[in-house]
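Take a look at the structure set out below.
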Amino acid sequence: MRKPAKLDSITAGGAILARLRSVGVDYIFANSGTDFPPIIEGLAEAAARQIPLPKAIVIPHEHAAMGMAHGYFLATGRPQAVMAHTNVGLANCAIGAINAATEHVPILLFSGRTPVMEQGRFGARTVPIGWGQEMRDQTALVREATKWDYELKFPEQALDIIDRAYAIAASTPKGPVYVSLPREVLCEQCPADDLNAKSRIAPATLAPDPDAIERAAAALAKAKRPLIIAQRGAGSAEGFALLADLAERWGIPVCQYWAIQLAIATDHPMSVGTDPQPWLGEADTILALDSLAPWSPSIHHPAPGCTVIHAGPDPLYSRFPVRNFKADICLPGETAEVIACLARALAPREGTQKKTIADRQVRIAKQTKSLRQKALAEAEKGGSGPLMTKSYVGLCLSRAIEGRAATVLSELGAPLEPFTLRAHGSWYQEPHSGGLGWSFPCALGMQLAQPDRLIVATMGDGSYMFANPVACHQIAEALELPVLIVILNNREWGAVRQSVLGVYPDGYAARANEMPLTSLAPSPDFTKVAAASRAWTARVERAADLPKVLADAVMQVTVARRHALVEVAVAP
Ligand SMILES: Cc1ncc(C[n+]2csc(CCOP(=O)(O)OP(=O)(O)O)c2C)c(N)n1
Ligand SMILES: [Mg+2]
């Protein structure tokens, strides 16, 4: 059956893999199936012919593969590939695709497509799933969460399609793309001449309209009470430094409301924490920096005449049907670039309103200091009750990682307030799409990209279970990724309970002994799940024990380079 490979040709499966390397993909996070013979054969063929390839690694759950690609991108800025098995593997990728789309994380997602032909063609159906996995529209499983999709029709398209997929994923706004790969097409030969050539298609990056930048700078320069709300960080280390400088120079408070990434040091004099309430109502100019939902219209009310500027890769977040925040000026572009444009446009305006700005700097720095002291004191107090609070765990964790190059991920885990974090890339929270089970695999992807960095993922007990923890621990051991997992176990879906209390504060559910559909009792012993993959583990019930356990865990992951799990009993 096997077709001999001509010297100047390669199977389409092999061509796709080799081309991924040429466009800059380091890893293929793969979960294979019966649609994979041409992929696996392609890997072996390319390796035998010494064609450079990305590293293809086995990831035992597709959700973890997507999370790892997500984390790898956050750590490096480089899109990676995920390959899954037909419609069923793709279905397991769907939450990861939704998360990636919401956070503008590019991923090249592939899955096989069950053979079209029942017989008579190389690669045709051989087993009953060839029929059982066919769908009228397999791509529909992820189409809404992808920027672009395509089904490979002919083998000679292989190289062009990879170039196009990569370029679209990496264009502003970035996001996942999907290509379905029918088995018969992958099995066919295609030309092998240009496998290592540079991509023929460059990503398109957006820059804001200079006139809009001028208007935004003018509005910020003349504002009496400006406010910046930042949800997805400052884009890069340079953007982070520029934003800190801009906020300080102009005396602009920066609020990190439901922040997904850190935009400003938590102890910066203009960093006013995570609650926009005290600032929003009095603001006359708001810069919403890459913020999907910069405030909650049912709670927060900007002043009626306030000028609102939205900046970021997609300032109007056009993927979402309903999002009606006032937008007087829109500044599309990669966040760090927009900050740089604004800083340049603001520079010549310096010196205007000198006294107002000086007063503002002093007033905000004073308020910030007192807000921060209050938050830290509150967190410290969280260690004095019968069960620790999440804030107390955050405070202890912040101390445990102090002085290290570290990244903290939080998925209903420790909150941002008690941390002292001062660097771009030091904090990530679960995507606003809320597809839980994100932080564990994301941490694994980050650790893969940055072997020497301390990566800590803190998450709720529910979030841990959503992550397919057995698969994630297997990956940590197999790939030697010494992440530190800290589970904040309240034995419930606390966020769901809080949500019920928010809508029906005095309802039947609030008064019930146990609120329906929120309990996770009896809680498994999570340390045993981790121990099954030979992780270092500890359980902590008493607040006084936590600092020492976290210090030991940090030593385990950084010195012994063994992945570790700490389970902390926290208050509901
Ligand atoms: C995949 C997925 N399923 C369900 C939900 C709904 N959901 C939102 S928060 C939450 C509870 C999370 O529990 P846990 O991680 O233990 O944190 P806690 O709320 O207890 O602090 C659930 C189930 C979701 N966001 N994503
Ligand atoms: Mg919980």
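Note that ligands are numbered from 1 as they come in the structure, with each ligand's atoms numbered from 1 the same way.
Short contacts between ligand 1 and V496, defined as distances under 4.0 Å to a heavy atom of the residue, involve ligand atoms 10 (C), 22 (C), 23 (C). Here is the list of ligand 1 atoms found below 4.0 Å of a heavy atom in G462: 13 (O), 14 (P), 15 (O), 16 (O). Remark: ligand 1 atoms within the under-4.0 Å shell around heavy atoms of S463 are 14 (P), 15 (O). Residue G434 has at least one heavy-atom neighbour below 4.0 Å for each of these atoms of ligand 1: 24 (C), 25 (N), 26 (N). Of all the atoms in ligand 1, the ones that sit under 4.0 Å from a non-hydrogen atom of G494 are 18 (P), 19 (O), 20 (O).
Proximity of a side-chain donor or acceptor of S439 to a complementary backbone N or O of A457 within less than 3.5 Å is not detected. At distances below 3.5 Å, not a single donor-acceptor pair connects side-chain atoms of Q261 with backbone N or O atoms of G425.
The Mg ion (ligand 2) lies closest to atom O when only the N/O/S atoms of E492 are considered.
An angle of 90° is found at the Mg ion (ligand 2) between D461 atom OD1 and N490 atom OD1, rounded to 10°.
The presence of a protein heavy atom under 4.0 Å from atom 11 (C) of ligand 1 is confirmed.
Of the N or O atoms in A495, one or more lie within a sub-3.5 Å distance of an N or O in ligand 1. Checked against a 3.5 angstrom limit, the closest N/O atoms of E411 and ligand 1 fall outside it.
Under 4.0 Å from ligand 1, the heavy atoms of N490 that appear belong solely to its side chain.
With respect to atom 17 (O) of ligand 1, the closest heavy atom belonging to the protein is L412 CB, 3.5 Å. Nearest non-hydrogen protein atom to atom 7 (N) of ligand 1 is L436 CD1, 3.8 Å.
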Notebook entry, point to check: Going through the checks in order, is the side-chain hydrogen bond (donor to acceptor under 3.5 Å, both in side chains) test met by E417 and S391?
Noted result: CA-CA 8 Å; E417 283 91 348; S391 292; 5.9 Å; no
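One side chain, E334 or T172, offers a donor N or O that lies under 3.5 Å from an acceptor on the other.
Selection from F466, Y464, W438, W493 by nearest heavy atom to atom 3 (N) of ligand 1 gives F466. Considering E492, K390, H63 only, the shortest heavy-atom separation from atom 21 (O) of ligand 1 involves K390.
In this structure, R562 CZ and R534 CZ are separated by 10.0 Å, a value rounded to the nearest 0.5 Å. Between N99 atom CG and E103 atom CD the span is 7.5 Å, to the nearest 0.5 Å. Distance check, rounded to the nearest 0.5 Å: CD of Q498 to CH2 of W493 gives 15.5 Å.
For W295 and F325, the gap between ring centers is short of 6.0 Å.
Partner of Y317 under the ring pair (Phe, Tyr, Trp, His ring centres under 6.0 Å) criterion, chosen from H104, H310, H432: H104.
Taking the charged nitrogens against the carboxylate oxygens, D26 and R78 do have a contact shorter than 4.0 Å, which makes a salt bridge.
At a cut-off of 2.8 Å, N489 is not counted among the residues with an N, O or S atom near the Mg ion (ligand 2).
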